[in-house]
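We name chains A, B, ... by the order of the sequence lines, and we start the count at 1 in each one.
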Amino acid sequence: MRIATWNVNSMNVRQEHVAQWLAEDPCDLLCLQELKMVSEKFPAERFKSLGWHLLANGQKTYNGVAVLSRFPLEERDVVLDLPGVDPAQKRLMAVTVNGVRVVNCYVPNGSEVGSDKYHYKLDWLAKLQSFVQAQLASYPQLVVLGDYNIAPDDRDVHDVSFWAGKILVSPPERSAYQALCGLGLTDAFRHLQPEGGYFSWWDYRLGSFQRNMGVRIDHLLSSPALTAKLTHCHIDREPRGWERPSDHAPVIATYLL
DNA sequence: ATGGTGGCATGGCCA
């Protein structure tokens, strides 16, 4: 079972990119972030006609997540909001597919270290920690994936001095990420690739992608039972080079399921 | 230190 995550930065603009990417059969389950549309606007019929089961959890203008799956979604235990946080911001959905619990996250960006949005991000991550801890008790095969807006360590940024003091790399953000790992979750990509220099996001500005000025902020964190079945994980940079791309590249992990 | 680009919306906000 190949599980992918991709922040598409507007499903309106990126619908053709998603369709083109999926036509290459890169995964069996795709989690999307930053739909920037209400759920009703999601192009459900198009993807259903291609054989995908799907569920969207969107809002106007900002945020929004969705799941496309080759396997049916178990409807009975869908969660569409993170307990304890503002339900108006659609940043999470938890579904069960093929015996795997999938928690699809769009973690707040945080804007600037020390800002109100930064504290909102840290609070959101603390709530996620509690939610995941509870989910683990019910679902041994669990993956928490998405746009974390955190580069876990210095291997995950193109230039440590460039990023020093900025959002995505601050010690409290990294501690929140490590706390999730402390629940027993493993970063699928890092588990298989100890070398640095692999990125999943490049700013639209400054020609960042062409100069590979990136950071690795999109992750799949899997539980012990799932990590035991992990065989591959890679970042597909190709769609980032397409015309009018998302600023994120998809990340795909393969589990023997 | 600032601003560079992009999406949404149409004035800024968010990333």
Side-chain angles (χ1 to χ4, degrees), chain A residues 5-21 31-43 56-66 81-82 85-93 104-125 128 145-152 156-170 172-174 176-177 199-219 235 237-251:
Chain A
T5 176
W6 193 7
N7 179 323
V8 291
N9 186 23
S10 168
M11 190 61 184
N12 270 325
V13 177
R14 240 63 71 181
Q15 181 180 340
E16 295 305 321
H17 292 225
V18 173
Q20 183 177 339
W21 190 67
C31 292
L32 302 173
Q33 301 91 34
E34 278 210 273
L35 305 180
K36 296 187 173 181
M37 57 169 51
V38 295
S39 303
E40 295 72 26
K41 291 273 183 69
F42 192 89
N57 184 27
Q59 67 179 91
K60 186 175 158 65
T61 309
Y62 302 119
N63 309 316
V65 291
D81 289 298
L82 181 58
V85 303
D86 176 14
Q89 295 194 23
K90 302 305 184 187
R91 296 180 174 275
L92 178 140
M93 65 191 314
N104 178 14
C105 302
Y106 175 47
V107 177
N109 170 278
S111 188
E112 292 179 23
V113 175
S115 66
D116 288 349
K117 288 189 175 64
Y118 177 75
H119 294 294
Y120 183 86
K121 178 181 192 174
L122 295 177
D123 180 64
W124 199 95
L125 287 163
L128 178 65
L145 59 82
D147 177 1
Y148 280 78
N149 272 313
I150 298 170
D156 301 312
V157 302
H158 78 279
D159 182 336
V160 172
S161 62
F162 177 92
W163 282 96
K166 292 193 173 75
I167 200 71
L168 312 182
V169 305
S170 74
E173 292 169 84
R174 287 177 164 175
Y177 182 87
F199 310 127
S200 66
W201 177 81
W202 301 260
D203 199 302
Y204 284 123
R205 297 164 285 190
L206 305 169
S208 300
F209 183 62
Q210 288 69 24
R211 298 153 70 184
N212 200 26
M213 296 170 58
V215 291
R216 192 176 69 92
I217 59 175
D218 299 271
H219 312 296
I235 301 167
R237 295 165 50 105
E238 189 186 326
R240 184 62 179 83
W242 291 347
E243 191 173 348
R244 206 179 180 189
S246 167
D247 42 358
H248 293 253
V251 187

Visitor: So what does A:Asn12 touch, heavy atoms closer than 4.0 Å: a base, only the sugar-phosphate, or nothing?
Guide: sugar-phosphate
Visitor: Identify every side-chain donor-acceptor pair in residues 163-170 of chain A under 3.5 Å, counting partners at least two apart or on other chains, and give the distances.
Guide:
unit_1: A:Trp163; atom_1: NE1; unit_2: A:His158; atom_2: ND1; d: 3.2
unit_1: A:Lys166; atom_1: NZ; unit_2: A:Phe162; atom_2: O; d: 2.4
unit_1: A:Ser170; atom_1: OG; unit_2: A:Tyr118; atom_2: OH; d: 2.8
unit_1: A:Ser170; atom_1: OG; unit_2: A:Glu173; atom_2: OE2; d: 2.6

Visitor: Nearest heavy atom decides the nucleotide; on that basis, is A:Asp247 or A:Leu35 closer to the 5' end of DNA chain B?
Guide: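 So the residue in question is A:Leu35.
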Visitor: What residues form a salt bridge (charged side-chain N to carboxylate O under 4.0 Å, His left out) with A:Arg216, not counting sequence neighbours?
Guide: A:Asp156, A:Asp187
Visitor: With a strict under 4.0 Å distance from non-hydrogen atoms of chain A, what nucleotide opens and what nucleotide closes the contacted stretch of DNA chain B, reading 5' to 3'?
Guide: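 The protein-touched segment is B:dG4 to B:dA15.
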Visitor: Considering residues at least two apart in sequence or located in another chain, which fulfil the side-chain contact (heavy atoms from CB on, under 4.5 Å) criterion with A:Lys41?
Guide: A:Met37, A:Val38
Visitor: For A:Arg174, what residues pass the side chain to side chain donor-acceptor pair (under 3.5 Å) criterion, not counting sequence neighbours?
Guide: A:Asp154
Visitor: Tell me what A:Tyr106 touches on the nucleic acid: a base, only sugar-phosphate, or nothing, going by heavy atoms under 4.0 Å.
Guide: sugar-phosphate
Visitor: Applying side chain to side chain donor-acceptor pair (under 3.5 Å), name anything that partners A:Ser246, two or more places apart in sequence or on another chain.
Guide: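 With sequence neighbours excluded, A:Ser246 shows a side chain to side chain donor-acceptor pair (under 3.5 Å) to no residue whatsoever.
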Visitor: With a 4.0 Å cut-off on heavy atoms, is A:Arg211 in touch with a base, just the backbone sugar-phosphate, or nothing at all?
Guide: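 It contacts nothing in the nucleic acid.
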Visitor: Using the P atom on both, measure B:dA9 against B:dC14 and round to a whole Å.
Guide: 14 Å
Visitor: Determine the interatomic distance between P on B:dT2 and the same-named atom on B:dG6; round to the nearest Å.
Guide: 23 Å
Visitor: Using the P atoms only, state how far B:dA15 lies from B:dA1, rounded to an integer number of Å.
Guide: 23 Å
Visitor: A:Gln33 pairs by side chain to side chain donor-acceptor pair (under 3.5 Å) with which of A:Asp147, A:Asn9, A:Asn63, A:Asn104?
Guide: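 So the option named by the test is A:Asn104.
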Visitor: Would you mind telling me which residue lines up with the more 5' stretch of DNA chain B, A:Asn9 or A:Ser111, judged by nearest nucleotide?
Guide: A:Asn9
